[in-house]
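Right, one structure below, let's go through it.
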Amino acid sequence: MKIGLKKKDWVLIIIIVCVAGLTVLVHTFIGGKGANRVVVKIEGAIQDTYSLSEEGDYEINGGTNILQIRNGKASMVEADCPDQLCVHQKPVSLNRESIICLPNKVVVEVETGTSREFDAVTQ
Ligand SMILES: [Zn+2]
């Protein structure tokens, strides 16, 4: 009977792992197509997430900064900050690359989706 109990335990563990995995997948797909995405933070709090595979211009922080996504890269094309450092930063596309606008406390950071790692585990 001990073996039976252990099997039940394993089933429980597998269910928990599956639910956790699904949650990760759902989060990944809400942010885009599971590919790279950019996370927009204002004063350290996440405001928006955009997929790098979808081109577009996005107002950040109520329009103080304009983020543009083109060809899988994100760049700051407009900002009302006095230094304009963020506008002059190079477009970002790799994991952990970021554009920072200090005066407006805006951070745009690239995050690589976790779906690829998850696929590797299930295959
Ligand atoms: Zn700036």
Side-chain angles (χ1 to χ4, degrees):
M1 294 314 281
K2 265 188 178 176
I3 292 165
L5 276 174
K6 273 186 182 171
K7 271 188 182 170
K8 272 187 186 174
D9 288 346
W10 273 111
V11 169
L12 260 181
I13 289 166
I14 288 167
I15 289 171
I16 291 166
V17 168
C18 283
V19 169
L22 274 178
T23 309
V24 169
L25 270 184
V26 167
H27 276 286
T28 304
F29 282 109
I30 284 173
K33 288 166 185 162
N36 293 352
R37 59 205 179 125
V38 281
V39 177
V40 175
K41 293 179 192 170
I42 298 166
E43 293 187 50
I46 294 174
Q47 298 293 309
D48 276 304
T49 308
Y50 302 111
S51 171
L52 277 177
S53 58
E54 286 173 37
E55 302 198 339
D57 296 347
Y58 305 101
E59 283 191 356
I60 298 176
N61 199 20
T64 64
N65 295 62
I66 308 283
L67 179 75
Q68 185 180 74
I69 295 175
R70 288 281 186 282
N71 303 317
K73 292 179 179 182
S75 58
M76 199 77 85
V77 288
E78 264 185 69
D80 69 355
C81 57
D83 58 21
Q84 296 286 300
L85 284 175
C86 52
V87 178
H88 291 119
Q89 284 189 42
K90 285 178 185 171
V92 292
S93 60
L94 301 174
N95 196 28
R96 299 289 168 202
E97 279 189 327
S98 60
I99 299 173
I100 298 165
C101 180
L102 270 182
N104 291 341
K105 292 173 181 152
V106 172
V107 176
V108 176
E109 190 177 51
V110 177
E111 266 187 16
T112 306
T114 51
S115 63
R116 207 167 283 170
E117 290 167 37
F118 188 76
D119 286 346
V121 170
T122 53
Q123 277 165 9

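As the structure is a prediction and not an experimental result, all values here were calculated from the model.
Neither Val87 nor Tyr50 shares a network with the other; the hydrophobic side chains, linked directly or stepwise wherever heavy atoms of I, L, V, M, F, W or Y lie under 4.5 Å apart, form separate groups for each. There is a path of hydrophobic side-chain contacts, each under 4.5 Å, that joins Val106 to Tyr58. Trp10 and Val17 fall within a single hydrophobic cluster, where Ile, Leu, Val, Met, Phe, Trp and Tyr are joined by side-chain heavy atoms under 4.5 Å apart, directly or via other members. In terms of hydrophobic clustering, with Ile, Leu, Val, Met, Phe, Trp and Tyr side chains grouped at heavy-atom distances under 4.5 Å, Val92 and Val107 are assigned to different clusters. Linking Ile, Leu, Val, Met, Phe, Trp and Tyr whenever their side-chain heavy atoms come within less than 4.5 Å puts Val108 and Ile69 in one cluster.
No side-chain donor-acceptor contact under 3.5 Å links Asp80 and Asn65.
Here NZ of Lys41 is found 10.0 Å from CD1 of Ile100. Values are rounded to the nearest 0.5 Å. Note: Asp57 CG to Ile66 CD1 = 7.5 Å, rounded to the nearest 0.5 Å. Atoms SG and CG, from Cys101 and Asp83 in turn, are 6.5 Å apart once rounded to the nearest 0.5 Å. Once rounded to the nearest 0.5 Å, the distance linking NZ of Lys73 with CD of Gln68 reads 12.5 Å. Ile60 CD1 to Met76 CE: the interatomic distance, rounded to the nearest 0.5 Å, is 4.5 Å. Interatomic distance, NE2 of His88 versus CD1 of Ile99, reported as 12.5 Å (0.5 Å rounding).
The side-chain heavy atoms of Val40 and Leu67, taken from C-beta on, include a pair separated by under 4.5 Å.
Residues meeting the side chain to side chain contact (heavy atoms under 4.5 Å, CB included) test with Val11, sequence neighbours left out: Ile15.
Heavy-atom minimum distance, Val110 versus Val38: CG2-CG1, 3.8 Å. In this structure, Pro103 and Pro82 approach most closely via the heavy-atom pair CB-CD, 4.1 Å. Closest non-hydrogen pair, Cys81 versus Cys86, comes out as SG-SG, 3.8 Å.
A side-chain donor-acceptor contact under 3.5 Å links Glu97 to the backbone of Leu94. Side chain of Glu55 to backbone of Asn71: a donor-acceptor contact under 3.5 angstrom is found. Remark: side-chain polar atoms of Asn36 are not paired, donor with acceptor, to backbone N or O of Leu52 under 3.5 angstrom.
Between Asp48 and Arg37 no salt bridge is recorded (no basic side-chain N to carboxylate O distance below 4.0 Å).
Sparse packing is recorded around CD of Glu78, with 12 or fewer heavy atoms of other residues, nucleotides or ligands lying under 6.0 Å away.
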